[in-house]
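This is a predicted model, so every value here is computed, not measured.
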2 protein chains.
Amino acid sequence: MERTGVEEPAKPLTAAGERILTAASTLFYEQGIRAVGVDAIAMAAEVTKKTLYDRFGSKDRLIAAYLDRRNRVWHAFLDEQLERRRPGGPEEVILAVFAALTDWLAESRRGCGFINASVELAAPDHPAMPVIVGQKQWLRAEFVAQARLAGFAEVEELADRLLLLHEGALVSFRVAAMEHAPEVAERAAADLLAGWPRG
Amino acid sequence: MERTGVEEPAKPLTAAGERILTAASTLFYEQGIRAVGVDAIAMAAEVTKKTLYDRFGSKDRLIAAYLDRRNRVWHAFLDEQLERRRPGGPEEVILAVFAALTDWLAESRRGCGFINASVELAAPDHPAMPVIVGQKQWLRAEFVAQARLAGFAEVEELADRLLLLHEGALVSFRVAAMEHAPEVAERAAADLLAGWPRG
DNA sequence: GACTGTAACCACACCGGTCGGTATACTGTC
DNA sequence: GACAGTATACCGACCGGTGTGGTTACAGTC
């Protein structure tokens, strides 16, 4: 699985910068991007605000760095999950993505950090929005690619439906208090693939 | 369709109270609950902040009133859509819900107000959370009821999958820039029903 | 080793603005 | 009087962000 769109950082973070990004990642996810101020992040990271601004420039750029980091963590997680589950073919790759969702949500009680951030940032032209939209479109494109490898017909429609199930599980898990949403999504995806026509 | 859980207001709103709730509903949805302050709402409603607090007591209670109002508007919308589409049986009722999603999202460019609010409110014990969770659980319960009427087997699993499609469309519409998400969900729901075993 | 320059960070103060909320005196209508 | 609303000022806290003087560790040069 290639992760086009995820670029390496311009340069490595200093120790303080790393602590800032780590603290911000935790607080942003757990409490909300707008609910946490830079004062709190600086305190949690045990740095001064001056250092935070020296390293990241602004809160918005720190937010973008957080989402970029999260995207990397998710890709690494997915890679590790695929390595571990050893899917035999493209269909099993797709289903492994859904199986991985259960593990991901076990450690992400507040649902999808990207979905949450897209709500909180509000403005469609926020610098971090491309990371968010890009992550979702990457997943859809991956479904298209695997569906094509598997020889299915109408791969675009199939990928769209798979994405709805994936995103639906992410949201329902949190908003509808549906703890078993990932498992439901996996079963639904498996049935969808089993009944989908070949091209 | 009954709308259990949606209670009548304790007493009717004054003209100013109505203007406040209307202004808040618009601003909260369009810009975000945390992004809009009470100053801006009072100004948009052409009242003083004092009046706002006299009528609603606090911002959190205004938020709860907004979501309660939105829930009513959505139920009224759904009723009107069902009246208009005249579904013949329970399966068509389910599909009418999905068909209505297209119209709903045509006027709700920022996606689902309940999902958005659940992110922004962050704290699970916020007074408005029961409205949010309740709306989602009401929809799931309605899917269960209609699936049962239609004589399907495993109605809980079916309802779960339908809910994932519905919520997935709401989210993907906005986060994944997927304009056709409601239509995809409707087709997927139709196929799901067509292939689901009877009990 | 002595010296210099640099990068990174600290402590602290400050900025103008916004936030949700409160208090006071007053007006108008029924 | 009861009710609803106005105009205005105020509160403490928080918001993202900036400025100043200082310290420390390290690398490079002589």
Whole-Å gap separating C1' (dT22(C)) and NZ (Lys59(B)): 17 Å
Starting at atom CD of Glu18(A), determine the distance to atom C1' of dA8(C), rounded to an integer number of angstrom. 16 Å
Arg70(A) and Ser25(A): side-chain donor and acceptor closer than 3.5 Å? no
May I ask you to say whether Arg34(B) pairs ionically with Glu120(A), meaning some side-chain N is under 4.0 Å from a carboxylate O? no
Whole-Å distance, Met43(A) CE to dC15(D) C1', equals 14 Å
Can you name the closest pair of heavy atoms from Phe143(A) and Ala159(A) and give their distance? CB-CB, 3.8 Å
Closest listed nucleotide, where the reference is the side chain of Thr14(A) and the choices are dC9(C), dG5(D), dT22(C): dC9(C)
Rounded to whole Å, OH of Tyr53(A) lies from C1' of dC10(C) at a distance of 17 Å
What is the distance from CZ of Arg19(B) to C1' of dT6(D), rounded to the nearest Å? 12 Å
Asp54(B) atom CG is separated from dT6(D) atom C1', nearest whole Å, by 11 Å
Taking for Gly57(A) and for Arg34(A) the nucleotide of DNA chain D with the nearest heavy atom, the one nearer the 5' end belongs to Arg34(A)
Which nucleotide in the set dG5(D), dG17(D), dC19(C) lies at the smallest distance from any side-chain heavy atom of Asp39(B)? dC19(C)
Hey, what do you get for CG (Leu78(B)) to CD (Glu142(B)), rounding to the nearest 0.5 Å? 8.5 Å
Which nucleotide in the set dT18(D), dG21(C), dA4(D) lies at the smallest distance from any side-chain heavy atom of Arg55(B)? dA4(D)
In whole angstroms, the gap separating C1' of dG20(C) from NE2 of His126(B) amounts to 12 Å
Rounded interatomic separation in angstrom, taking CZ from Arg61(A) and C1' from dG16(D): 14 Å
Can you tell me how the ring of Phe77(A) sits relative to the ring of Trp104(A), calling it parallel under 30°, perpendicular over 60° and tilted otherwise? tilted
Nucleic acid contacts - residues 44-52 of chain B versus DNA chain C, non-hydrogen atoms under 4.0 Å: Lys49(B), Lys50(B)
Do Trp74(B) and Leu139(B) come within less than 4.5 Å of each other through their side chains, counting heavy atoms only? yes
Got a second to check how far Glu92(B)'s CD is from Leu193(B)'s CG, nearest 0.5 Å? 10.5 Å
